[in-house]
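One structure is given below, encoded as structure tokens.
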Amino acid sequence: MITKIMSLSLDENNKLADLFREMSLMYKYIGVQERFRFLAFQKASRVIKTLPQSICNYSPEQIKALPGIGESITRTIKEYLVSGTIKRFEHLRKKTPYQLLEIMEVKGFGPETLKKIVSSLKVRTRQEFVEALQSGKINKLPGFGAGKVEAMLRGFKLYKEVEDRMLLWDALALGEKVKAWLKACPGVIKVEAAGSLRRRKETIGDIDMLVACKEEHRAQIIKYFTSGDFVGRVILKGDQRASIVLSDPKKQVDLRLITENNWGSALQYFTGSREHNIHLRTIARSKGFKISEYGIFSLSNGKRLGGATEADLYTTLGFQIMPPEMREDKGEILHSQNHTVPSLINLTDIKGDLHVHSNWSDGLCTPEEILLHLQRRFNYNYIVITDHSKSSRIARGMDEKQILQQVKIIKALNKKMGVNFIKTGIEVDILQDGQLDISNEILSQLDWVNAAVHSHFDKDNTDRIIRACENPFVCCISHPTGRLIGHRDAYKLDITELINAAKRTGTALEINAQPTRMDLKDDFAMEARRKGVMLVIGTDSHTLQDFNFMELGVSIARRAWCKPGNILNSLSWDEIETFKLQKQKNKDVKNASVSVKKENYTFHEK
DNA sequence: GCCGTTTTCGGCCCGACTGTTTTCAGTCG
């Protein structure tokens with residue numbers, strides 16, 4: 001194992017990934033002769049950024065086995081972990097206008113443009129660069145017309161013009177709006193959202209729309225798209241594609257037109273991810289095929305072999321197609337080659353919700369209102385009301401007396417409705433030392449116990465949460481990392497340690513489906529699934545509308561390659577009872593201080 | 001730089017759009 005001089009948190013991965021990203025930019029600046037080093041460091045940066053655990057935990061052999069990381073970059077990583085610096089980074093920094101490299105990340109700026117300006121105007125800082133741009137010095141250079149300078153200025157403005165990435169939930173709604181808008185255009189045969197939205201990434205930068213139409217209708221559709229009421233600005237406008245920024249919200253929408261015959265290949269191309277496509281196209285080439293948005297072709301005679309459907313591209317290669325959520329080049333192509341693509345969980349597999357708040361704490365509705373809503377709108381077999389416990393004062397958490405009262409009320413409600421639909425439960429607070437704020441005596445009387453951290457976000461919470469896992473009555477850890485996308489980073493937590501502890505103690509981990517939480521996120525859920533930890537998708541509902549978030553949780557589970565068997569709330573309640581009993585019998589779980597009333601449960605093998 | 005159904009050399013996805021030319025390089029997704 002590489003010397004651990006750094007902290008164990010993922011911060012180290014981010015720092016190293018940033019260094020590699022900067023090195024890739026420096027190679028990009030140097031020019032075409034370093035084009036492939038640029039690509040190599042760009043890829044290495046991305047790989048390190050998405051590692052599930054700290055790079056310090058990997059042995060040199062494990063590092064070298066990572067995709068896109070070979071002998072040389074392994075040595076560089078080792079140098080960084082041991083000394084904290086990279087000699088080649090320092091060397092490159094002297095050779096390139098380091099302060100200006102970020103400019104290459106602005107739309108319309110590439111290395112050649114930057115190099116010409118740097119060499120003829122001798123600018124060194126970003127400020128000097130902008131001044132040269134605005135003063136008109138730059139458009140005196142050969143090859144820099146007024147149009148290009150204006151595009152550059154716009155590029156700088158655009159840097160701030162488009163707001164931050166959208167939450168997936170908001171992007172899904174916006175995508176539907178744009179889709180309806182395009183569908184209303186004469187000549188449009190089919191519309192579909194592609195890109196990261198179709199892959200259901202947790203946040204979305206811009207919205208990619210694909211439209212099928214006849215060639216003779218292209219011009220009128222492009223005109224419709226670029227001159228609509230909610231268009232803020234047109235970025236690009238050609239015969240087959242156009243990009244706009246909406247006036248509100250200020251989000252970019254890219255449109256691509258295609259004939260119906262090319263629908264499948266275009267949808268595959270436009271869905272990506274970039275990495276998935278590059279990998280697939282490289283393999284296709286090695287097998288004598290060429291893939292583009294126009295189909296799959298034989299390299300030897302140029303004959304088109306398919307492309308009307310997405311499956312054409314994969315099956316012509318002898319591969320198996322996989323759902324869009326898997327297309328991130330994280331090993332899915334190997335499964336595709338081997339015909340071992342998993343059958344991912346679907347929304348319809350979900351049998352209940354194990355994380356629901358009522359007006360007994362900070363939810364808005366009574367248990368009865370929740371029951372009626374779910375029986376009308378959802379095909380669930382059970383739900384658990386899991387209100388907060390007393391330490392969550394802001395959420396009006398329940399004390400012991402209220403918990404027992406609520407149990408009575410829920411049992412009476414089930415009886416009145418003639419069902420056994422609502423289970424009793426709680427979201428119990430994990431205190432700073434890992435103890436719970438409700439006794440085991442009370443917890444043992446509930447059907448389901450979520451445990452969660454709601455305080456001391458500035459501490460390392462690994463040991464605290466693991467201790468909660470060791471309680472025999474804790475069924476699941478809710479929103480395990482505590483992050484709120486765009487508002488609050490995850491607290492310090494060794495996620496691998498937690499996943500190992502969950503496995504050891506038989507505790508489930510939650511995929512919290514709230515749009516700003518999505519916690520566990522896809523990579524962590526993937527690691528937990530691989531290690532055999534059971535996952536729960538909980539909506540953490542506080543209103544009746546919140547139950548719709550289940551769709552988001554299922555998206556994460558699919559991005560983590562989960563099958564129904566990996567998700568506890570796609571199983572029957574009997575099977576959930578078996579899961580609980582297995583935990584209570586587990587020798588790694590501290591002995592319960594009260595005896596548990598046992599009943600005869602049967603386990604139904606799937 | 002990486003990688004291997006092209007495996008230790010030689011290739012590395014592929015096509016649309018823009019600006020400035022006048023046939024294409026640079027850039028983007």
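Each chain gets a letter, A, B and so on, in the order its sequence line appears, and its residues count up from 1.
Heavy-atom contacts from other residues, nucleotides or ligands closer than 6.0 Å to NE2 of A/His339 number more than 12. Within 6.0 Å of the CD atom in A/Glu216, the count of heavy atoms belonging to other residues, nucleotides or ligands exceeds 12. Annotation for A/Lys183: atom NZ does not count as buried by contact number, only 12 or fewer foreign heavy atoms lying within 6.0 Å. Around NZ of A/Lys563, the count of heavy atoms belonging to other residues, nucleotides or ligands within 6.0 Å does not exceed 12. Within 6.0 Å of atom CG in A/Asp229, 12 or fewer heavy atoms from other residues, nucleotides or ligands are found, so the atom counts as exposed in its surroundings.
Distance A/Leu334 CG to B/dG4 P: 11 Å, rounded to the nearest Å. Counting to the nearest Å, the C1' atom of B/dA25 and the CG atom of A/Leu114 are 16 Å from each other. When rounded to the nearest whole Å, the span between CD1 of A/Ile222 and C1' of B/dT18 equals 15 Å. Here the C1' atom of nucleotide B/dG19 and the NZ atom of A/Lys116 are 11 Å apart, to the nearest Å. Atom CZ of A/Phe38 is separated from atom P of B/dC28 by 10 Å (rounded to the nearest Å). Rounded to whole Å, the distance from CD on A/Glu112 to C1' on B/dC24 is 14 Å. One can place CD1 of A/Ile333 at 15 Å from C1' of B/dT5, the figure rounded to the nearest angstrom. Between the P atom of B/dG4 and the CD atom of A/Gln337 lies a distance of 11 Å, rounded to the nearest Å.
Donor-acceptor pairing under 3.5 Å is recorded for the side chains of A/His276 and A/Glu332.
For the P atom pair drawn from B/dG15 and B/dT8, the interatomic distance equals 29 Å after rounding to whole Å. Taking the P atom of each, B/dC14 and B/dT21 are spaced 31 Å apart, rounded to whole Å. The C1' atoms of B/dG11 and B/dA16 are separated by 24 Å, rounded to the nearest whole Å. Using atom P as the reference point in both B/dT7 and B/dC12, the two lie 14 Å apart (nearest Å). Spacing between B/dC3 and B/dC13 at atom C1', rounded to whole Å, works out to 16 Å. Distance noted for atom P between B/dT20 and B/dT27: 13 Å (whole Å).
Nearest-nucleotide assignment on DNA chain B puts the 5′-proximal partner with A/Ala242, out of A/Lys28 and A/Ala242. The nearest heavy atom of DNA chain B to A/Ser72 and to A/Ser243 marks one nucleotide each, and the one closer to the 5' end goes with A/Ser72.
Both distances falling under 3.5 Å, in either a Watson-Crick or a G-U wobble arrangement, place B/dC14 opposite B/dG29.
Residue contacts shown for A/Lys237 are limited to sugar-phosphate atoms, with no base heavy atom under 4.0 Å away. Using a 4.0 Å heavy-atom criterion, one finds that A/Leu280 contacts no nucleic acid atom at all. Residue contacts for A/Thr113: at a heavy-atom cut-off of 4.0 Å it reaches the sugar-phosphate backbone alone, with no base atom in range.
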Would you tabulate the pairs of protein nitrogen or oxygen atoms and nucleotide nitrogen or oxygen atoms of nucleotides 12-16 of chain B closer than 3.5 angstrom?
unit_1	atom_1	unit_2	atom_2	d
B/dC13	O2	A/Arg281	NH1	2.6
B/dC13	N4	A/Arg274	NH1	3.3
B/dC14	OP1	A/Arg285	NE	3.3
B/dC14	OP1	A/Arg285	NH2	3.3
B/dC14	OP2	A/Arg285	NE	3.1
B/dC14	OP2	A/Arg285	NH2	3.2
B/dC14	O4'	A/Arg281	NH1	2.9
B/dG15	OP1	A/Lys290	NZ	2.8
B/dA16	OP1	A/Tyr294	OH	2.6

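A/Thr340 meets the side chain to side chain contact (heavy atoms under 4.5 Å, CB included) test with A/His335, A/Asn338; sequence neighbours excluded.
A/Phe289 has its ring centre no less than 6.0 Å from the ring centre of A/Phe297.
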